[in-house]
Amino acid sequence: MELVELNPPDPWTVDPREAQELQAGELTLTYMTHACMELKAGSKRMMFDPWLTGPAFARGWWLLHEPPSDAMERLCRADLIYISHMHSDHLSYPTLKLLAEKRPDIPIYVGDTSRPVFWYLERSGVNLTNINVVPFGVWQNVDRHLRFMILMDGVHPEMDTCLIVEYKGHMILNTVDCTRPNNGRLPHGVDVMMSDFAGGASGFPMTFHGGKYTESWKADFIKNERKKLLNYKTQLVKSLQPKIYCPFAGYFTEAHPSDRYIKETNIKNSAEDLNASISKSCPNILTWTPLPSSVLDVAWALADQSNRDAITQPPNSAKIYKDSWDFDLYLDELNSTISNDIFKHKSWIQFYYNWAGFKGYNLVIRVIETDDDFKLLDGGCDYLVDFMDLSFPDKRPKRDHPYEEIKNRVGVMRHVVVTGRLWDDLYIGFNNRMSRDPDVYHHKFWNHFQTELPPSAPDWDNFLQTISKHTDLKQENGFCAQS
């Protein structure tokens, strides 16, 4: 997808409004957890990216911060919600399921990305009835004083977006996860800027092995990437000169015991380190390291950055960090697909990859199902896929070809297959281990399976009906592990 050519290229300059004086408590931001903030602007309340319960990326990410005890109630009371993109740490179906039970008609706004943010909604069973897809670079008026505008990312325009909110002429810029928000054209001197900061939101290099991927190489790479990200964010904030800056959208943890290796290896930037770097480079910018329930009063902060009333910290009784996550509840749901009838028949492999629709590319992969610790699973599926002609050979072809070996946790892989979900659950969720020869990233392959799979799920009912009509296919029973 190409970038939308905005006209004018700085659309926030359309219909400019002079900044009006704010009263204390009139414009506030309350941090919930991860990328979820509540914006109060006059009489309106707007929520950003509510992930309040459950895991993200199947079972790989869990909330680091404990949301305020009334977070779900506040979400249900919101006047509108902005969801930046389809990744499950921003579009949380466990959260939205609870929301839909109480307010299915709550207005939700998303950008008009080529991969629709809510592409999975119908299959999720979540009943939301007021989703609004809006064009990029156009002001959306909420009331006389409040409006917002959604912009796309320059690196991932097919899925990532960012947000400008304006209230009485005061701007809040929320770049969320965008790598290059609006392709680098952003308003200068906004009142508040928020962005991600942590890094570590990928399986690379922690989930790779063989060749150069020693523990020392991984540690050096991660350290350097953290440093580059911290410097980039510092320079971006310095160039844009917001009056207030807040790092958020990076407060997740690899909490499940089976991911202890990832948690210990995947060292992330801290919000405190980034804010210290910004304060050193730009002492005129007020920085805010948010904790659950902490509140930024924009009026107080703009009037006097040294005013202690500008930032209200959580009460002493507030729980800051989570220490329990209901692992079994969510893992049982994933693992329930392991015994699905489709996996009794070897032909599910051909059916699934034909549905996925990726071929004509010189790459061979070997997919191996494993247990939670990536040990071989007795009776688990182990197969080759040759994407040159979308065949499923017993041995690797004799022609020159790149090769990847991918070990997947059986519960996650089968859930992805049965539901037709994207492979982000495997890759970003640390639910696989990989080696490749040569050591080359195959963007076309991974981009397809992470963003371009068909929007409709595989028709497994039709698959099983076809199987039932062919006795030769019935004899494949027992091909894959059932437990």
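Heavy-atom basis, side chains included; hydrogens, waters and symmetry copies ignored. We number each residue from 1, following the sequence as shown.
The aromatic rings of H34 and W51 stand perpendicular to each other, their planes meeting at an angle above 60°, with 30° marking the opposite boundary. Between W423 and W446, the ring planes are perpendicular. Angles over 60° get that label, and only those under 30° would be called parallel.
Of the listed residues (L151, T113, D112), just one forms a side-chain contact (heavy atoms from CB on, under 4.5 Å) with T161, and that residue is T113. Exactly one of L173, N182, L186 qualifies for a side-chain contact (heavy atoms from CB on, under 4.5 Å) with I164. That residue is L173.
Both the sub-6.0 Å distance and the 45° axial angle are not jointly satisfied by K263 relative to the ring of F430.
A salt bridge links D341 and K344; the closest N-O separation between the charged side-chain nitrogens and carboxylate oxygens is under 4.0 Å. For the pair D382 and R366, the salt-bridge criterion is met [side-chain N within less than 4.0 Å of a carboxylate O].
Counted by atom type alone, T234 and S281 present zero donor-acceptor pairs between their side chains at under 3.5 Å.
Checked against the 6.0 Å centroid criterion, the rings of Y361 and H442 qualify as a close aromatic pair. For F204 and F221, the ring centers are positioned less than 6.0 Å apart. If you look at Y82 and F148, their ring centroids are not closer than 6.0 Å. When ring centroids are compared, W355 and F351 stay outside the 6.0 Å threshold. F392 has its ring centre no less than 6.0 Å from the ring centre of Y383.
In this structure a side-chain-to-backbone donor-acceptor pair under 3.5 Å is missing from T253 to W62. The closest donor-acceptor contact from the side chain of D160 to the backbone of T179 lies at 3.5 Å or more, if one exists at all.
By the 4.5 Å heavy-atom criterion applied to side chains, R115 and L422 are counted as neighbours. In this structure the side chain of T33 never reaches within 4.5 angstrom of the side chain of K322, judged on heavy atoms. Using a 4.5 Å cut-off on side-chain heavy atoms (C-beta onward), N432 and T370 make no contact. In this structure, F374 and R409 have side chains that are in contact, with non-hydrogen atoms separated by less than 4.5 Å.
The CG atom of N340 sits 8.5 Å away from atom CH2 of W460, with the distance rounded to the nearest 0.5 Å.
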